[in-house]
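Positions are given from 1 along the sequence. When a ligand or atom number is given, it counts from 1 through the structure's own listing order.
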Amino acid sequence: MNRFTGNFTRQEPLPEAAIEAALRVMRHGRLHRYNVVDGEQSETAALEVEFAAFTGAKYCLAVASGGYALAAALRALGVGPGDRVLTNAFTLAPVPGAIASLSADPVFIETTDDLVMDLADLKAKIAISGAKILMLSHMRGHICDMDRLMAICDTAGVRVVEDCAHTMGATWDGVPSGRHGIIGCYSTQSFKHVNSGEGGLLITDDPQVMARAIMLSGSYMFYERHEAAPGPEVFETIRLEMPNCSGRMDNLRAAILRPQLAALPSRRLRWNALFQRLESGLAATRGVRIIPRPEKEGYVMSSFQFLCPDFDTFQMQDLVARCAARGVVLKWFGATEPAGFTSRYDSWHYVPAQKLPQTDRVLAGLLDMRLPLTFSDADADMIAAILREELAAVRGPGPSRTALPAFCAGPDTGD
Ligand SMILES: *Cc1c(COP(=O)(O)O)cnc(C)c1O
């Protein structure tokens with residue numbers, strides 16, 4: 001049997017323009033964003049101007065990580081200890097982590113079969129919790145009906161922070177992801193759409209919010225060196241009110257991000273071509289549910305998800321093991337023990353315990369795969385072929401099987 005030998009976590013090298021930009025910064029040595037010579041625009045300030053233009057936002061702040069951007073966003077909106085913040089049950093650990101870093105409490109919202117926030121549950125939990133902030137995570141690049149979501153939140157007076165770690169470059173109805181809520185946050189960590197190792201970006205049109213975020217990020221009193229920022233008059237009182245919680249970006253990372261940002265539209269096309277090859281390769285496969293994509297959604301899919309709604313725990317484990325043996329690395333979200341990038345709400349024990357049966361059911365059948373741009377079309381075809389073969393080979397129920405935890409035991413396919 002053939003085996004896939006590609007590496008699911010291998011990035012492309014940085015573009016030559018990024019390497020040259022990094023060398024320039026290292027040669028002059030001014031890595032700190034506020035360390036500029038007369039009349040110089042720092043790389044970090046330039047990145048902020050360019051990312052604001054890229055998204056159409058008035059203001060942009062570059063920070064140390066995506067998770068830092070999320071926490072700064074909440075703090076800039078006044079979230080404090082004991083406050084409740086609505087968020088997706090299906091997301092990545094830095095999202096509840098950002099909420100917990102303010103000693104606030106996440107209130108989880110259910111997940112639909114299309115992997116987005118359940119808007120009926122959102123409405124119900126806004127009413128029950130009295131929460132005034134939603135941190136909306138566009139997990140794995142799936143965007144919910146933003147028109148409906150914003151209507152619900154606007155009516156209830158809930159302000160929306162968008163976690164766009166997986167939607168940099170994506171759109172809903174032509175509007176860039178991150179521009180529907182009051183704040184959009186992005187990650188430039190290696191496994192996102194641009195790669196600076198670590199890093200984050202925060203955008204908003206609100207001058208007060210941006211001034212608070214800038215002070216928080218540790219601008220000392222150099223806020224006038226920000227260009228995608230409100231004027232000094234907005235900082236007059238804020239500069240003495242906000243604590244300095246250092247989380248700045250540096251010029252080296254900004255320098256390597258700027259050429260990558262310029263290349264994002266073409267990278268988007270390459271990612272989506274890989275994604276669509278896998279999608280069509282699995283479309284007619286028995287037992288597989290491909291996530292339907294709304295017409296208004298302009299996605300950037302750097303990963304691929306599919307559901308095996310009829311498989312039980314045993315079958316899911318069997319499939320993951322079979323694919324792994326053939327070099328295809330799948331992440332199963334139904335596993336009880338967190339591994340690698342944790343995304344199960346019940347493994348975050350610092351959050352008050354909550355029950356989300358619908359999310360449990362969806363995650364029990366959900367598989368996930370990275371799609372690095374080092375993969376070719378032929379690689380995508382081979383992965384799809386291996387998945388089809390192994391899906392067909394997964395064993396049905398039999399006497400040799402071990403007992404299954406009740407929550408995962410779905411109907412069997414009979415095979
Ligand atoms: C990666 C990620 C973040 C931010 O992560 P950092 O590692 O802090 O940059 C936030 N939300 C989601 C869904 C992510 O995948």
Side-chain angles (χ1 to χ4, degrees), residues 8-9 11 47 51 60-75 85-102 104 106 108-109 111 115-117 133-144 160-170 177-178 181 183-203 213 216-217 245-250 253-254 256-257 260-261 271 291 299-305 331 333 338-345 347-348 351 359 362-363 366 368-372:
F8 283 82
T9 52
Q11 321 291 336
L47 172 68
F51 195 72
C60 175
L61 172 67
V63 293
S65 72
Y68 184 93
L70 293 172
L74 293 178
R75 191 152 189 178
V85 178
L86 302 149
T87 194
N88 307 57
F90 177 44
T91 183
L92 198 78
V95 176
I99 298 169
S101 76
L102 297 171
F108 293 126
I109 313 294
T111 314
L115 305 186
V116 294
M117 179 173 278
I133 306 275
L134 165 64
M135 181 166 277
L136 171 66
S137 187
H138 304 296
M139 181 61 171
R140 288 295 188 266
H142 298 268
I143 303 178
C144 70
V160 179
V161 176
E162 290 182 73
D163 166 27
C164 304
H166 301 160
T167 54
M168 185 189 285
S177 185
I183 302 177
C185 297
Y186 305 77
S187 170
T188 66
Q189 188 238 80
S190 291
F191 296 105
K192 318 294 165 140
H193 294 169
V194 290
N195 173 13
S196 61
E198 305 287 355
L201 292 156
L202 183 157
I203 57 166
L216 263 176
S217 76
C245 303
S246 288
R248 296 170 299 271
M249 182 175 278
D250 59 88
R253 284 188 281 171
I256 65 175
L257 285 171
Q260 295 183 64
L261 188 60
W271 256 314
I291 317 298
Y299 56 68
V300 183
M301 288 305 284
S302 53
S303 62
F304 183 80
Q305 293 74 40
K331 181 175 167 68
F333 285 107
F341 294 80
T342 68
S343 289
R344 278 194 62 95
Y345 69 90
S347 63
W348 303 323
V351 176
T359 298
V362 173
L363 297 189
L366 178 60
D368 175 53
M369 187 182 3
R370 290 181 195 284
L371 286 178

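Not counting sequence neighbours, the partners of Phe51 by the ring-ring contact (aromatic ring centres under 6.0 Å, His included) test are Phe54, Tyr186. Partners of Ser303 by side chain to side chain donor-acceptor pair (under 3.5 Å), not counting sequence neighbours, listed by chain and number: Gln305.
Counting only heavy atoms of the protein, atom 5 (O) of ligand 1 lies nearest to Pro94 CG, 3.7 Å. Looking only at heavy atoms of the protein, atom 1 (C) of ligand 1 is closest to Lys192 NZ, 1.4 Å.
For the pair Arg140 (side chain) and His166 (backbone), a donor-acceptor distance under 3.5 Å is absent. The closest donor-acceptor contact from the side chain of Thr111 to the backbone of Met117 lies at 3.5 Å or more, if one exists at all. Between the side chain of Gln189 and the main chain of Phe191, a donor-acceptor pair closer than 3.5 Å is present. Between the side chain of His193 and the backbone N or O of Met168, at least one donor-acceptor pair lies under 3.5 Å.
Backbone and side-chain nitrogen or oxygen atoms of Gly67 are examined, and one is located within less than 3.5 angstrom of a nitrogen or oxygen of ligand 1. Checking only distances, Thr91 never comes within under 3.5 Å of ligand 1, N or O to N or O. Between Tyr68 and ligand 1, no pair of N/O atoms sits closer than 3.5 Å. The N/O atoms of Asp163, backbone and side chain alike, include one that comes under 3.5 Å of an N/O atom in ligand 1.
Aromatic rings from Phe333 and Phe90 are positioned such that their centres are separated by under 6.0 Å.
At least one heavy atom of Ser137 sits closer than 4.0 Å to an atom of ligand 1. For His138, the heavy-atom gap to ligand 1 stays at 4.0 angstrom or more.
Residue Gln189 holds the heavy atom nearest to atom 7 (O) of ligand 1 of all those in Met135, Met139, Gln189.
When heavy-atom distances to ligand 1 are checked against a 4.0 Å cut-off, Val95 comes that close only through its side chain, counted from C-beta outward.
Shown in contact with Gly66 at under 4.0 Å from a heavy atom are these atoms of ligand 1, numbered in order with element: 4 (C), 6 (P), 8 (O), 9 (O).
With hydrogens and angles left out, the side-chain atoms of Asp163 and Ser137 include a donor and acceptor closer than 3.5 Å.
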